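Notes for the one structure printed next.
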Amino acid sequence: PWKLLSSAGAWSYSLYLIHGPAAQIFDKLHFPNVGNILNWCVLFGFILALSYLFYICVERPSHQLARKILLMKNSSPEVISKQPYQSPAV
């Protein structure tokens, strides 16, 4: 169960970003009314699925790109030369 919670936590920000627009998209789909509880469950599943898709397609690739840029920046010779000079201890 911890691995499931951990992976759900990884895409929780996508859930936060997408839940409003996903609910609006769901409303425009004109899903038939099958009762309040079942409608809520389908909406909840739709929001979770769209959030996970957003995580896979947008959030995770941007995290990978940010890590790559950070590694490139930290390993470039310019970073070393731009560090302030420290005089040797006497």
Side-chain angles (χ1 to χ4, degrees):
W2 295 114
K3 187 174 182 175
L4 177 66
L5 290 174
S6 177
S7 70
W11 53 278
S12 64
Y13 186 64
S14 292
L15 177 62
Y16 166 73
L17 289 176
I18 293 300
H19 77 278
Q24 291 176 349
I25 292 169
F26 185 79
D27 283 342
K28 292 182 181 187
L29 293 177
H30 302 294
F31 186 77
N33 187 3
V34 290
N36 287 339
I37 294 174
L38 193 53
N39 280 352
W40 184 87
C41 290
V42 172
L43 171 63
F44 191 71
F46 181 77
I47 291 172
L48 287 176
L50 216 56
S51 299
Y52 185 69
L53 185 64
F54 183 83
Y55 171 73
I56 294 295
C57 294
V58 176
E59 189 177 354
R60 189 165 61 178
S62 9
H63 284 232
Q64 291 168 346
L65 179 62
R67 262 188 234 107
K68 187 182 288 187
I69 290 171
L70 186 65
L71 284 174
M72 287 172 38
K73 181 180 176 185
N74 287 341
S75 65
S76 73
E78 290 178 359
V79 173
I80 296 170
S81 66
K82 288 184 178 178
Q83 290 181 354
Y85 175 74
Q86 294 181 359
S87 62
V90 179

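Numbers for residues simply follow the sequence, beginning at 1. What you are looking at is a predicted structure, and each value in this text was computed from that prediction instead of being measured.
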Applying the side-chain contact (heavy atoms from CB on, under 4.5 Å) test to Phe31, which of Leu38, Leu43, Val42 qualifies?
Val42
Do Phe46 and Leu50 come within less than 4.5 Å of each other through their side chains, counting heavy atoms only?
yes
Answer yes or no: is there a side-chain heavy-atom contact under 4.5 Å between Trp40 and Ile37?
no
Ignoring hydrogens, what is the shortest heavy-atom contact between Leu17 and Pro21? Give both atom names and the distance.
O-CD, 3.7 Å
Nearest heavy-atom neighbours spanning Ser14 and Ser51
CB-O, 3.5 Å
Using 0.5 Å steps for rounding, measure from the [atom1] atom of [X] to the [atom2] atom of [Y].
| X | Y | atom1 | atom2 | value |
| --- | --- | --- | --- | --- |
| Lys3 | Leu5 | NZ | CG | 13.0 Å |
| Gln24 | His19 | CD | NE2 | 10.0 Å |
| Phe26 | Phe44 | CZ | CZ | 13.0 Å |

Sub-3.5 Å donor-acceptor pair from the side chain of Ser62 to the main-chain atoms of Val58, do we have one?
yes
Could you tell me whether the side chain of Ser12 and the main chain of Gly9 form a donor-acceptor pair under 3.5 Å?
yes
Is the number of heavy atoms from other residues, nucleotides or ligands within 6.0 Å of CG (Asn36) greater than 12?
no
Kindly determine whether Trp11 and Leu48 satisfy side-chain contact (heavy atoms from CB on, under 4.5 Å), including the steps that lead there.
CA-CA 10 Å; Trp11 53 278; Leu48 287 176; 3.9 Å; yes
Are Tyr16 and Ile56 connected in the hydrophobic side-chain network, where two residues link if heavy atoms are under 4.5 Å apart?
yes
Determine whether Leu4 and Tyr52 fall in the same hydrophobic cluster, where Ile, Leu, Val, Met, Phe, Trp and Tyr are linked whenever their side-chain heavy atoms lie under 4.5 Å apart.
no
Step by step, would you call Ile47 with Ile18 a side-chain contact (heavy atoms from CB on, under 4.5 Å)?
CA-CA 7 Å; Ile47 291 172; Ile18 293 300; 5.7 Å; no
